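Down below is the structure, laid out as structure tokens.
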Amino acid sequence: MNDFTFYSPTRFVFGRRACDRTGEEVAAAGYRRALIVYGGGSVVRAGTLDRVKASLDAAGVTHVELGGVRPNPEIGLVREGIECARREQVDVVVPVGGGSAIDCAKAIALGACYDGDVWDFFMKRAKPERRLPVAVVLTIPASGSEGSNSCVISNDAEQLKCGINTDLNRPVLAIMDPELTFTLPAYQTAAGVTDMIAHIMERFFSGEPAVPVTDNIACGLIRAAIEAAQTVADDPSDYEARANLMWIGTLAHNGLAGCGLGIPGKRDGDWTCHGLEHELSALDPTITHGAGLAVIFPAWMRFVWRAHPERFLEFGRQVFGIEPVDPKVDDLSGIDEEITPERAVHDAVEATIDELQDFFCSLGMPRTLGDLGVTEEDVDKLMPGLRINRGERFGSCMELTLDDARAIYLSAL
């Protein structure tokens, strides 16, 4: 087990009608003037935004609003939010929504305390030193941004999607009400499940040796996500399944599932698949992050698994119960070809990847980049941004080049 630092300062308020405690919790933390950040779709139609505002009003917390956050939030609205936060002298930013609203709020919180352009942080031209506190009202379990140190923002003018990781990004408060997720569209739920599983796998396949306690946490979370997702597909109003998904999303990305699997001060996982997917949604912001990951992760796994077959075997064993064939034990009657140890490992790993991809597809996720409208001609458009964000060589499970990345993209078409 490698050394690690685990830091999770967020206060989580979880349960039925937790949304209506927003004002009480924000006021108890000492905040008096909020900037509410939201998308404008479901949180408005479902009445969630009105409930949050009523709760803040009842607690004596004044507020201003910034709506219109899109999926894959764009830097232009972040800059608008920074101006609003400064003008209104807010002391807390309250995103109401999923990862896009939360990431937009995080970027506003960083930029409001910085004299330059907030995009400097995402281009690594400056390092944030202060931020406004962020208090989340979560409506979409997916990104885990309610407890994570990460924030990802798009810049359409530069056709870039970049992230910044800093503990300053960790929210001070997260209001988590599973009942708010009952009306989520099936596609959005599925993309969220894919995203949270991907967060866990990025850490599991870090390239570092096994850490049994963390491996059991990671694989247990994935098994629970698969079970809950299948339950929700049959009954979208199943509270227990919705609650499990909401909490899994948080634990998948607050660092717990990677303790001991990273290199202190450098990385807590591989993160190649997220890097590859970010270029897809930078190319086309309508591509849902989880949907892109559903295609990219299996393609990446098929490309790299030989670098660490033992980790892929352990993943298959714990998550899907897949074991390599053992000629000394298993009945191989009817199989004409010889099953060598190498062939047994190959077949078990490929079966594991197939099982994972089939699960994603069973939820309605795409199987190929073509399903997302990406063509072979688009692949070259992805490379400049990847070079800026990841460099010429990247990846810890297996070091990859830009040519390797191109091969992975092409294999996923």
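Only a predicted model underlies this, so the values are computations on that prediction, with no experimental measurement involved.
- Side chain of Thr352 to main chain of Ala348: a donor-acceptor pair is present (N/O by atom type, distance under 3.5 Å, no hydrogens or angles).
- A donor-acceptor pair under 3.5 Å is absent between the side-chain atoms of Ser206 and the main chain of Gly269, judged by distance alone.
- Side-chain contact, His308 with Glu310: a donor N or O sits under 3.5 Å from an acceptor N or O.
- In this structure, Arg311 is positioned above the aromatic face of Phe204, its NZ or CZ under 6.0 Å from the six-membered ring centre and within 45° of the axis.
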- Should Asp167 and Arg131 be marked as a salt bridge (charged side-chain N to carboxylate O under 4.0 Å, His left out) after you check the CA-CA gap, both sets of side-chain angles, and the distance that decides it? CA-CA 10 Å; Asp167 281 333; Arg131 56 90 170 100; over 6 Å; no
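- Using a cutoff of 4.0 Å between basic side-chain nitrogens and carboxylate oxygens, Glu179 and Arg242 are not scored as salt-bridged.
- Looking at Asp50 and Arg45, no side-chain N of the basic residue comes within less than 4.0 Å of a carboxylate O on the acidic one, giving no salt bridge.
- The number of heavy atoms from other shown groups lying within 6.0 Å of CD (Glu376) does not exceed 12.
- Ion pairing between Glu314 and Arg317 holds under the 4.0 Å rule for side-chain N and carboxylate O.
- Side chain of Arg223 to backbone of Gln318: a donor-acceptor contact under 3.5 angstrom is found.
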- Message: Does Met123 form a side chain to side chain contact (heavy atoms under 4.5 Å, CB included) with Leu160? I'd like the steps, not just the answer.
- Response: CA-CA 10 Å; Met123 295 305 293; Leu160 289 174; 4.1 Å; yes
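- To the nearest 0.5 angstrom, Lys381 atom NZ is 14.0 Å from Tyr409 atom OH.
- Not a single donor-acceptor pair under 3.5 Å links the side chain of Ser281 to the backbone N or O of Asp284.
- Test Glu146, Glu202, Arg203 against His253 for side-chain hydrogen bond (donor to acceptor under 3.5 Å, both in side chains) and you get one pass: Arg203.
- Atoms SG and CG, on Cys219 and Leu221 in that order, are 9.0 Å from each other to the nearest 0.5 Å.
- Taking CG of Asp371 as the reference point, atom CD1 of Ile287 lies at 11.0 Å (rounded to 0.5 Å).
- Atoms NE2 and OG1, on His199 and Thr194 in that order, are 11.0 Å from each other to the nearest 0.5 Å.
- Put simply, the side chain of Leu313 reaches to within 4.5 Å of the side chain of Pro324, judged on heavy atoms.
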- Item | Verdict with supporting geometry, His278 and Asn72, side-chain hydrogen bond (donor to acceptor under 3.5 Å, both in side chains) | CA-CA 9 Å; His278 285 166; Asn72 299 303; over 6 Å; no
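- Judged purely by atom type and a 3.5 angstrom limit, Asp378 has no side-chain atom pairing as donor or acceptor with the backbone of Val374.
- Comment: Arg21 does not engage Asp177 in a salt bridge, judged by the lack of any side-chain N to carboxylate O separation of less than 4.0 angstrom.
- At a threshold of 4.0 Å, the pair Glu279-Lys161 does not count as salt-bridged, since none of the basic side-chain nitrogens sits closer than that to a carboxylate oxygen.
- Counting only distance, with no hydrogens or angles, the side chain of Thr10 and the backbone of Phe12 share no donor-acceptor pair below 3.5 Å.
- Between Thr189 and Thr181 there is no side-chain heavy-atom pair separated by less than 4.5 Å.
- Counted within 6.0 Å of CZ on Arg11, heavy atoms from surrounding residues, nucleotides or ligands total 12 or fewer; the atom is thus considered open.
- Of the possible polar contacts, one joining the Gln357 side chain to the Arg367 backbone as a donor-acceptor pair under 3.5 Å is found.
- For Glu227 and Thr231, the side-chain atoms include no donor-acceptor pair closer than 3.5 Å.
- A donor-acceptor contact under 3.5 angstrom links the side chains of Asp103 and Ser145, judged on distance only.
- A salt bridge links Arg51 to Asp20: at least one charged side-chain nitrogen sits closer than 4.0 Å to a carboxylate oxygen.
- For Asn169 (side chain) and Asn149 (main-chain N/O), a donor-acceptor pair under 3.5 Å exists by modelled atom type.
- Taking CD1 of Ile263 as the reference point, atom CG of Asp268 lies at 11.0 Å (rounded to 0.5 Å).
- A side-chain donor from one of Thr272 and Asp270 sits under 3.5 Å from a side-chain acceptor of the other.
- Side chain of Arg170 to backbone of Tyr7: a donor-acceptor contact under 3.5 angstrom is found.
- Put simply, the side chain of Leu66 does not reach to within 4.5 Å of the side chain of Ile36, judged on heavy atoms.
- In this structure, Pro366 and Ala294 approach most closely via the heavy-atom pair O-CB, 4.1 Å.
- Phe359 pairs by the ring pair (Phe, Tyr, Trp, His ring centres under 6.0 Å) definition with nothing, not counting sequence neighbours.
- Looking at Asp403 and Thr401, their side chains never bring a donor and an acceptor atom within 3.5 Å of each other.
- Between the side chains of Lys106 and Ser148, at least one donor N or O lies within less than 3.5 Å of an accepting N or O.
- Environment of NZ in Lys124: crowded, with over 12 heavy atoms of neighbouring residues, nucleotides or ligands closer than 6.0 Å.
- For the pair Asn155 (side chain) and Glu158 (backbone), a donor-acceptor distance under 3.5 Å is present.
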